[in-house]
Asker: 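First the structure, which I've put down as structure tokens, then a few questions once you've had a look.
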Amino acid sequence: MSLIVQKYGGTSVADLDRIRNVARRVINTKERGDDVVVVVSAMAGETDRLLALAKESAPEPDDREVDVVLATGEQVSSALLSIVLTSMGCKAKSYLGYQIKISTDRAYGKARITSVDADRIFSDLREGLIVVVAGFQGEDEEGNITTLGRGGSDTTAVAIAAALKADICEIFTDVDGVYTTDPNICDGVKKISRISYDEMLEMASMGAKVLQIRSVELAKKAGVPIHVRSSFHENEGTIVCEEDTEMEKALVSGVTYDIGQARVEIAKVPDRPGIAARFFEAISAANIVVDMIIQTSSLEEGYANMAFTISKADFPKALKIAHSLAKELEAQDVIAEQEVAKVSMVGVGMRSHSGVASKMFRALAREGINIKMISTSEIKISCIIDAKYTELAVRSLHEAFDLGKGS
Ligand code: ASP
Ligand code: MG
């Protein structure tokens, strides 16, 4: 007998027919002899609808009240599922976040879970109940309702699985699992059967559509294996778990891309100690997260070029800072590019295989794609390229590394 936490996303509980479908799956699991705790998202589109309502009520609605509004989405779906389960002859009970003491900090709209009280769930399970928990919500120290950020039900599920020491956390969604790259832009992609937590985190820009990234961080910390799978059929999906030797055998696991990047370069800054510090202090004081940084010395002695990438949303702010610092530091020029993308190869196999970088650069060169910046980590190599070549780059890398079906 296992203890399983199952999470069903918004599309899986979009209407009563689908909720009945979820109920049947839950009952099947229970009938196999396993204990089940179910976490649900709000019905598809509901969180967007509630958010729009809150914003319509006032141009800048109070964060605390917005969370109270948003949390109702999951209140409805969890109770509906519990009603349907009961009508199908199963004992079930729904709980809101505060009722099972999902404690969080007070960062409304993006609160972090600090603890979960497993006792109440355990005592219900002992009585043979199916426990249904409203995802995405918790309460802070003073009893205020908080929400965990978009996609936060995944994190609720993993936090509960961690607290209960469940055998597995199954995340049921409308895709079959995690793919070697985005199926929307590349043909012949393959479902990855097992992927490590670290790879999944590195694939954040793409993987985030499947799992809230915080849930993966939490799963890694607690050692909870996650099984991402479709709620519409029985096929196995992707297991996200500790790294193993099988994973290491593959050269790379996937290609990811991020078109939400921009690049700023400060050209010909006088090269002296403290320049980079001065520069990035100003950037971080403005709460801008920098992704890549490259400093090169210019051909002319005594000068350096400093280039960095940030998210597109921060571009206007970063550019303003770059211009004012360029003046202060007597740099010659600021070059700004908004239309750039980052393509990356990810794989734990890189730790033990060489040649990934050269193969990647060759594949891009064959397509005539210029690489503007390169960065590497232990399990990832990223290149900044012109955004207009993103799809071409992803497809050719996917092919060059034989990631597709039948390979
Ligand atoms: N309902 C919330 C959202 O749409 C949480 C979730 O679905 O995971 O973001
Ligand atoms: Mg989701």
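Order of listing sets the numbers, starting from 1, for every ligand and every atom in it. Worth knowing before you read on, the calculation uses all heavy atoms, side chains too, and leaves out hydrogens, waters and symmetry mates.
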Asker: Could you list which atoms of ligand 1 come closer than 4.0 Å to a heavy atom of Gly151?
Answerer: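 In order of numbering, the contacting atoms are 3 (C), 5 (C), 6 (C), 8 (O), 9 (O).
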Asker: When you check the gap from the basic side-chain N to the acidic O, do Arg351 and Glu243 get nearer than 4.0 Å?
Answerer: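 Yes, Arg351 and Glu243 are salt-bridged.
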Asker: Show the atoms of ligand 1 that are less than 4.0 angstrom away from any heavy atom in Glu74.
Answerer: 1 (N), 2 (C), 5 (C)
Asker: Taking atom CD1 of Ile226 and atom OH of Tyr197, what is their separation to the nearest 0.5 Å?
Answerer: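 So the gap between those two atoms works out to 6.5 Å.
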Asker: Is the closest heavy atom of Gly152 to ligand 1 under 4.0 Å?
Answerer: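 Under 4.0 Å: yes for Gly152.
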Asker: Taking Asp333 first and then Lys268, would you say they form a salt bridge - that is, a charged N and a carboxylate O separated by under 4.0 Å?
Answerer: no
Asker: Over 60° means perpendicular and under 30° means parallel, so tell me whether Phe172 and Tyr8 are parallel, tilted or perpendicular.
Answerer: parallel
Asker: Quick check on salt bridge (Lys or Arg N to Asp or Glu O under 4.0 Å): which of Glu234, Glu31, Glu170 does Arg25 satisfy it with?
Answerer: Glu234
Asker: Check this for me: does any side-chain nitrogen of one of Asp48 and Arg150 sit under 4.0 Å from a carboxylate oxygen of the other?
Answerer: yes
Asker: Look at atom 7 (O) of ligand 1 and say which protein heavy atom is nearest, naming residue and atom and giving the distance to 0.1 Å.
Answerer: Ser41 OG, 2.9 Å
Asker: May I ask you to check if ligand 1 and Lys7 share an N or O to N or O distance below 3.5 Å?
Answerer: no
Asker: Starting from atom 3 (C) of ligand 1, which protein heavy atom do you reach first, and at what distance in Å?
Answerer: Arg150 NE, 3.4 Å
Asker: Would you check whether Gly9 reaches within less than 4.0 Å of ligand 1, judged by its heavy atoms?
Answerer: no
